Amino acid sequence: MRLDPLLQSAAATAFERCFGSALAPDQFSVQMTRKEFTGDRTIVCFPLARHSKAAPDATAERLGEALVSGDGPVTGFNVVKGFLNLEIEASYWSEWLTGEAAGTDYGHKPSGSAPRVMVEYSSPNTNKPLHLGHLRNNFLGHSVSRILEAAGHSVTKVQIVNDRGIHICKSMVAWRKFGQGETPESAGMKGDKLVGKYYVAFDQAFKKETAHLIEAGRSKEQAEKEAPLILEAQETLRLWEQGDAETVGLWKTMNSWVYAGFEDTYRTMGVEFDKLYYESDTYLTGRDRVLEGLKRGVFEQTDDGAVWVDLTEDGLDRKLLLRGDGTAVYMTQDIGTALLRFQDFPDLDRQVYTVGNEQEYHFKVLFLVLGKLGFPQAERCHHLSYGMVELPEGKMKSREGTVVDADDLMAEMFGIAREIAQEAGKLEGLDDEAQREVFERVGLSALKYFLLKVDPKKNMMFDPKASIDFYGNTGPFILFNYVRGRSILRRAHDEGLALPTSLTTVPGPEEMELIGCLHSLPDVISEAASTYNPSLVANWCYDLTKAFSSYYQEHPILAAEDEPTRDFRLALTERFTRSLNTGMHLLGIALPERM
RNA sequence: GACUAUGUAGCUCAACUGGAUAGAGCACCUCACUACGGAUGAGGAGGUUGAGGGUUCGAAUCCUUCCAUGGUCGCCA
């Protein structure tokens, strides 16, 4: 059993013996003892006073005595104004270091011990390249997938590719008009960038057209409806829906360019998917299922033929599910996609949707609708809602050219990593390819850590100057300490030192900070999994690293004063590097051996 | 306007879910050093936790009234 539950049940037993009142173990709040007091764990005794019918201090005293005389790991205690500080037997920790902490799967629950979860993330439109906002989305979704896996879930990572609709038709129209047969090869451009270029070209030409129309006396609204370009885009969408061969052909070609570009970006980001869903495949299913629901009486139809769901009983509105002409809206295709997924994975316990917080209402509706359609998983589905990434000058605006491109940003981070590494000069002897891998890992760690350390639900500020900092509370700082630890372990190995399997020394107070961090990993992972919150893991990684860095500065490891001490520190260093590796892996961050 | 989230050091973020003197990083000041990898460590300064009221042994955290900011309220996605 882990220490805290162990103490709780010991406290419950002791409490009953002292005061004759039986309390559940979780009534005892156990927390880490603050640094300025002696002890390892603290039980807060104020809430116990009503049950013990004694003052908090007296309650604490008697409980402390009973715990020390019990057969648990408690060897001493002190009481400070109602706080019972417990000292844990030092050998408990050294045994723990060679026991639970030494397991290669430390922190992980057995895989498959929790039900299957599907995590959706990324899900971009196919008309524009990925930007900074997508990075937060991808890193979050990818990290949550790994955290859920560590918590024992089977995880299926998916995305829904928004490959259909007016947006891609706009790019197609512009390419036909202005493209002169340009391809990614002929332009020497990534496919997603090329298609994005035509999306912008469409927008600019469209603006000119509407401006002319407005000059000719049309209202802005009229002009935007009547501009020849928008009519052509709408016609293209109609042709696409009818399956017109030429239109579908061009659509496939341009989408394939985008996919090639995206794949490239995903590879650089280090994220991956188990299965892709395409809206062009799911929107029709959605329509069928909505009509089925209509037949079963869960939805209602208005005179014009549109299908609605009434959610007023759930405190929401009526919501449109299908237009009067039978065409799909956004909700329709999301229903279809969800149902297809439940069909594809019959053991699916829930779906997690990594989507920005502007769509909170949409997902509330979606989950209610899925419930009405009879899916019990609906109530466990979760919208992993995250806040916007803002720049110092405000929101990213494509119109003002302030959109931070994902490829550019990553390339910039790699460049900075290269500069700093070359200055440090620790990579001599590695070939170019191996060096490049180090630059990428270091640069990416800075970006991922920066975006993941903030609570997902909060908006966050992306200050380019601060985010490229590789010192302080950053990914590279964590990597740096990992590399130092690994370097020591390599040396030990080269000198023929084996890692101890049992320890003859016990930790002193200097070690306890580090051990306390290491010990909390399993709790951090399960908390992060149940709240879908990677920032908890990120902050843990930093706290652990800081503790090691500080310890490292003051205590020689290989040159420790005697062999037992050296063995102890070596074991501690090994647990540090491995646990840190686990934590960083959960963030999707790969660690280098040198930097 | 209604609903919803957020508001903590100059700036960017924490705070074990109601616990002890609210902690980190950046920036600023001081110090340490042949260094097992200095992309370092130790210290200082910096706070009426947006404001007021309430709940109790105890509040950044819960309730309430305001204030500010973002988001949503489409037969857009």
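So you know, we letter chains A, B, ... as the sequences are listed, proteins then strands, and number each from 1. Just so we're clear, the structure is a prediction, and the values are computed from it rather than from any experiment.
Nearest to the side chain of A/F477, among B/C75, B/U40, B/A20, sits B/U40. Distance from the side chain of A/E554 is smallest for B/G41 among the nucleotides B/G19, B/U21, B/G41. Closest to the A/E279 side chain, of the nucleotides B/A77, B/A14, B/A39, is B/A77. Of the listed nucleotides (B/U21, B/G41, B/A77), B/G41 has the atom at the smallest distance from the side chain of A/S550. Residue A/M595 places its side chain closer to B/G37 than to any other of B/G37, B/C76, B/A14. Among the nucleotides B/C75, B/C36, B/A20, the one closest to any side-chain atom of A/L558 is B/C36. With B/A77, B/C36, B/A20 as the candidates, the nucleotide lying closest to the side chain of A/R34 is B/A20. Minimum atom distance to the side chain of A/K458 is reached by B/U6, of the listed B/U21, B/C36, B/U6. Taking only side-chain atoms of A/V454, from C-beta outward, the nucleotide of B/A39, B/A15, B/A14 with the closest atom is B/A14. Among B/A42, B/C75, B/G19, the nucleotide with an atom closest to any side-chain atom of A/F83 is B/G19.
If you check every strand for non-hydrogen atoms under 4.0 Å, A/V329 touches sugar and phosphate atoms only. Within 4.0 Å (heavy atoms only), A/F46 reaches at least one base atom of the nucleic acid. Residue contacts shown for A/E390 are absent, as no nucleic acid heavy atom lies under 4.0 Å away. If you check every strand for non-hydrogen atoms under 4.0 Å, A/V442 touches a base. A/P47 comes within 4.0 angstrom of a base, heavy atoms only. As judged by a 4.0 angstrom heavy-atom cut-off over every strand, A/T327 is placed among residues making no nucleic acid contact. Note on A/N162: only backbone sugar-phosphate atoms sit closer than 4.0 angstrom, heavy atoms only; bases stay farther off. Counting any heavy atom pair closer than 4.0 Å across all strands shown, A/Y542 reaches sugar-phosphate atoms only and no base atom. Residue A/A421 is in base contact, counting any heavy-atom pair closer than 4.0 Å across all strands shown.
With centroids closer than 5.5 Å and planes inclined by less than 30 degrees as the test, A/F37 and the base of B/A20 pass as a stacked pair.
Between the side chain of A/N473 and the base of B/C13 there is no donor-acceptor pair of N/O atoms closer than 3.5 Å. With hydrogens and angles left out, the side chain of A/N85 and the base of B/A20 share a donor-acceptor pair within 3.5 Å. Donor-acceptor pairing under 3.5 Å, judged by distance alone, is absent between the side chain of A/S535 and the base of B/A14.
Between A/F367 and A/F363, the angle of the ring planes lies from 30° to 60°, which puts this pair in the tilted group.
Atom P of nucleotide B/C36 and atom CZ of A/F480 are separated by 12 Å, given to the nearest angstrom. Rounded to whole Å, atom C1' of B/U69 lies 9 Å from atom CG of A/N459. In this structure, CZ of A/R594 is placed 18 Å from C1' of B/G38, rounded to the nearest angstrom. Rounded to whole angstrom, the span from the CD atom of A/E36 across to the C1' atom of B/A22 amounts to 12 Å. Atom NE2 of A/H383 and atom C1' of B/U72 are 12 Å apart (whole Å). For A/F470 and B/U40, the CZ to P distance is 12 Å, given to the nearest whole Å. Computed from coordinates, the A/R318 CZ to B/C73 C1' distance equals 16 Å when rounded to whole Å. Atom-to-atom, CG of A/N539 to C1' of B/G25 comes out at 11 Å; the value is rounded to the nearest Å.
The shortest side-chain heavy-atom distance between A/K225 and A/I230 does not fall under the 4.5 Å cut-off. Between A/F139 and A/P534, every side-chain heavy-atom pair lies at or beyond the 4.5 Å cut-off. Using a 4.5 Å heavy-atom threshold, the side chains of A/I420 and A/Y471 count as touching. Contact annotation: the side chain of A/L409 approaches that of A/F462 to within less than 4.5 Å [non-hydrogen atoms, C-beta and beyond]. In this structure, A/Q159 and A/Y121 have side chains that are not in contact, with every pair of non-hydrogen atoms separated by 4.5 Å or more. Between A/D317 and A/Y361, some side-chain heavy-atom pair lies under the 4.5 Å cut-off.
Look at A/K546 and you'll find a side-chain N or O under 4.0 angstrom from OP1 or OP2 of B/G25. Under 4.0 angstrom from either OP1 or OP2 of B/G38 there lies at least one side-chain N or O belonging to A/Y552. The phosphate of B/G41 (OP1 or OP2) has a side-chain N or O of A/S549 nearer than 4.0 angstrom. Checking the phosphate oxygens (OP1, OP2) of B/U21, a side-chain nitrogen or oxygen of A/K81 falls inside 4.0 Å. Between A/K457 and B/U4 there is no side-chain polar atom (N or O) within less than 4.0 angstrom of OP1 or OP2.
A distance-only check finds no donor-acceptor pair linking the side chain of A/N357 to the backbone of A/S385 [under 3.5 Å].
Taking atom C1' on both B/U21 and B/U30, the two are 24 Å apart, rounded to the nearest angstrom. Comparing B/G43 with B/G37, their P atoms sit 24 Å apart, to the nearest whole Å. Look at the P atom in both B/A22 and B/C26: the space between them is 22 Å, to the nearest Å. The gap from the P atom of B/U40 to that of B/U49 amounts to 33 Å, rounded to the nearest Å. On the P atoms, B/C29 is 16 Å away from B/A45, given to the nearest whole Å. Across the C1' atoms, B/G19 and B/A27 are found 33 Å apart, a figure rounded to whole Å.
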Secondary-structure string, 5' to 3', Watson-Crick or G-U under 3.5 Å, | for another-strand partners, for RNA chain B: (((((((..((((.....[...)))).(((((.......))))).....(((((..]....))))))))))))....
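Ranked by how close their nearest RNA chain B nucleotide is to the 5' end, A/V438 and A/V80 are led by A/V80. Where A/A559 and A/N481 each meet RNA chain B at their nearest nucleotide, the meeting point lying more 5' is that of A/A559.
For the atom pair A/Q31 CD and A/I43 CD1, the distance stands at 10.0 Å (nearest 0.5 Å). Residue A/L237 holds its CG atom at 11.5 Å from CD1 of A/I168, rounded to the nearest 0.5 Å.
By the 6.0 Å and 45° rule, A/R164 does not stack over the aromatic ring of A/Y278. For the pair A/R136 and A/Y386, the cation-pi criterion (under 6.0 Å, within 45° of the ring axis) is not fulfilled.
Among A/E554, A/E510, A/E563, A/E561, the one residue that satisfies the salt bridge (charged side-chain N to carboxylate O under 4.0 Å, His left out) test with A/R569 is A/E561.
Counting heavy atoms of neighbouring residues, nucleotides and ligands inside a 6.0 Å radius, atom CD of A/E36 exceeds 12 of them.
Shown here, B/U17 is classed syn by the O4'-C1'-N9-C4 or O4'-C1'-N1-C2 angle, which is within 90° of 0.
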Restricting both atoms to N or O, compile the protein contacts to nucleotides 31-34 of chain B shorter than 3.5 Å, with distance only.
none

